[in-house]
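Notes for the one structure printed next.
Residues take their numbers from the sequence shown, with the count starting at 1. Heavy-atom basis, side chains included; hydrogens, waters and symmetry copies ignored.
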Amino acid sequence: MTPAAVPQRDPLGWSLAIALAFLALCWHRLGIPSKIYFDEIHYVTAARKLLALTRANPEHPMLGKEAIAAAIALFGDRPLVWRIPSALFGVLGLFAFGRALWWASGRRFAALAGMVLVATGFLWFIQSRIAMLDMVMAGLAMVALWQFAAATRLPARQARWRLAATGLCLGLALGAKWSVAPVAVLPGLTFLALRLKAHGWRCFTRQESGPVPGIPLMEAAFWLGVLPLAVYWLTFLPAFFYAKDAVDPLAPVAWHRYMLQLQDSVVKLHPYRSVWYQWIADWRAIWYLYEPVDGSQRGIVLIGNPFSMLAGLPALLWCLWAGVRRGRSDALACALLYLATLGMWAVSGKPIQFYYHYLLPSTFLMACLALALDALWQRGGRWRWLPLGALAVALGMFAYFYPIISAAKLHHGKTSYVQWMWLRSWR
């Protein structure tokens, strides 16, 4: 990883403050709408059945549904409780994202700007307020990247448990949703690629090079390969004890073949379907909610922040250039994470896709934007108004769209949505 030219002070306190502010924002009206909406119908229903050890929603892994079921068991079956896991993992993931960016870059402004951009990018906020699987997956993925980035900076004795934590969190993230698969394989592939580059085929016996000097390749393969797969399969533990049609713990391949068949069987066209190149342009929205509920007309539309999602695209190109030409491995890592998580959907055979699948790619796009803004910030002087202005515009867009992404009261009845519909494709 690329350290800052001059050692900078760890922004831990400010990172905590941003995460807590995001928690407060998520918690406000978290119980509204006071009924199931959008895809909650699948996952809340599955969580209820899971408490009775009954099979439901078998096409997806189980950890996200287990988190909802645990919340219901602890605090009762009501809308606020269904959404607590998403909110908590959203906050944890936002904090972990900032820590990962700090450990990867050593740049204070980049870490804090990245957190602000993700928090105000719409997708992370909206998905943190709905009982779906995405935030359990994304939150744990960010913790895994935090631990891996920290491991690359620390001596072997301290890095070892960080690698173990990386593997644990990658397995758990995969156990929530398969969308994290590209993130799950990249740490191990990075370790292998850097050792091969340094030592060729002697990499199996040499351990003095990066990314974590002192850790043998075979040990890294255990932490970053074997452990995640074992943890992932253990997340299916309740399914081994279903009262009917229990999953065979000794037949993971057969069960996953069945899950893939279910995934591919959904071919009926959906009005909100979209494809990856529409996500890049912030072209296609999803209406999670738009109806009179809880005493007022309310709405939740899933789109990306119109400023930061587009500003991130030239920042992505800058990160690729800085990574290749200037040796900025932090910038290159963020760009590759974006391309890998988006590329999965570009080549995926899944027939029906939605904009919420852009959650992980958009998060890494915000990391690219944060690093590009930090490069301007480091120039000092009059250049600093550009990154500050960009953050101000992102915050302003979030504030402007806040009523239509947070189920706030809309005061102009059924036509209230028109105010925010800048594109016909958002309607």
Side-chain angles (χ1 to χ4, degrees), residues 1-23 89-121 124 138-155 158-159 161-163 165-166 169-170 173 183 186-187 190 210-212 308 312 315-316 318-319 322-323 326-338 360 362-380 384 387-388 390-391 394-395:
M1 297 300 173
T2 306
V6 178
Q8 300 179 9
R9 186 158 49 93
D10 188 339
L12 175 61
W14 281 106
S15 297
L16 283 169
I18 293 172
L20 290 175
F22 184 74
L23 175 60
F89 278 99
V91 173
L92 173 63
L94 179 65
F95 177 74
F97 171 82
R99 300 309 293 162
L101 204 50
W102 163 251
W103 280 103
S105 69
R107 298 173 186 269
R108 179 183 177 88
F109 183 87
L112 297 177
M115 291 184 70
V116 171
L117 290 168
V118 170
T120 61
W124 198 274
L140 288 164
M142 294 305 119
V143 175
L145 292 176
W146 166 21
Q147 297 306 312
F148 184 70
T152 65
R153 294 278 199 154
L154 296 169
Q158 299 177 52
W161 74 262
R162 299 273 189 171
L163 288 179
T166 301
C169 290
L170 288 176
V183 179
L186 280 175
T190 299
V212 187
S308 54
L316 170 68
W318 178 86
C319 282
R326 291 190 172 181
R328 284 285 302 271
S329 52
D330 54 344
L332 184 61
C334 292
L336 291 179
L337 282 164
Y338 173 82
L360 281 179
S362 71
T363 302
F364 299 125
L365 189 67
M366 294 303 96
C368 291
L369 181 55
L371 290 174
L373 294 177
D374 176 77
L376 293 172
W377 179 261
Q378 298 303 324
R379 291 190 175 193
R384 289 196 167 183
L388 291 177
L391 293 179
L395 282 163

Review point. Taking all non-hydrogen atoms of both residues, which atom of F109 and which atom of L388 are closest, and how far apart?
Key: CE1-CD2, 4.3 Å
Check your understanding: Hey, does W124 have a side-chain heavy atom less than 4.5 Å from the side chain of F97?
Key -> no
**Study point:** From L369 atom CG to S362 atom OG, the distance as rounded to the nearest 0.5 Å
**Key:** 12.0 Å
Point to revise | Atom pair CZ/OG1 of F148 and T190 - distance to nearest 0.5 Å | key: 5.5 Å
Review point. Is any side-chain heavy atom of R99 closer than 4.5 Å to a side-chain heavy atom of L12?
Key: yes
Study note, to complete from the structure: Residues A111 and G98: closest non-hydrogen pair is CB-O, 3.6 Å
Review point. Should we say atom CH2 of W14 is surrounded by more than 12 heavy atoms from elsewhere, each under 6.0 Å from it?
Key: no
Check your understanding: What heavy-atom pair brings S308 and L117 nearest, and what distance separates the two atoms?
Key -> CB-CD2, 4.2 Å
Review point. Which distance, rounded to the nearest 0.5 Å, do you find between the OG1 of T166 and the CH2 of W146?
Key: 11.0 Å
Review point. At what distance, to the nearest 0.5 angstrom, does CZ of R108 lie from OG of S15?
Key: 8.5 Å
Study note, to complete from the structure: Scanning both residues in full, the closest heavy-atom pair of A151 with L163 reads CB-CD2, 3.9 Å
Practice item. Please examine the side chains of V183 and F364, heavy atoms only from C-beta on, and report whether any two atoms are closer than 4.5 Å. Key: yes
Point to revise | Nearest-0.5 Å distance that lies between atom CE in M366 and atom CG in L316 | key: 10.0 Å
Exercise for review: Could you tell me which residues satisfy side-chain contact (heavy atoms from CB on, under 4.5 Å) with I18, sequence neighbours excluded, listed by chain and number?
Suggested key: L94, L112, M115, V116
Review point. Less than 4.5 Å apart, any side-chain heavy atom of L371 and any of C334?
Key: yes
Check your understanding: Nearest heavy-atom pair of Q378 and R107: which atoms, and what distance?
Key -> CG-NH1, 3.7 Å
Revision key, fill the gap. Heavy-atom nearest pair, W318 first then A331, reads CZ3-CB, 4.4 Å
Practice item. Indicate yes or no for a side-chain donor-acceptor contact from Q147 to the backbone of A165 under 3.5 Å, with no hydrogens or angles considered. Key: no
Practice item. Identify whether NZ of Lys or CZ of Arg in R162 sits under 6.0 Å from the centre of the six-membered ring of W103 and within 45° of that ring's axis. Key: yes
Review point. Going from OG1 on T120 to CZ on F22, what distance comes out if it is rounded to the nearest 0.5 angstrom?
Key: 9.5 Å
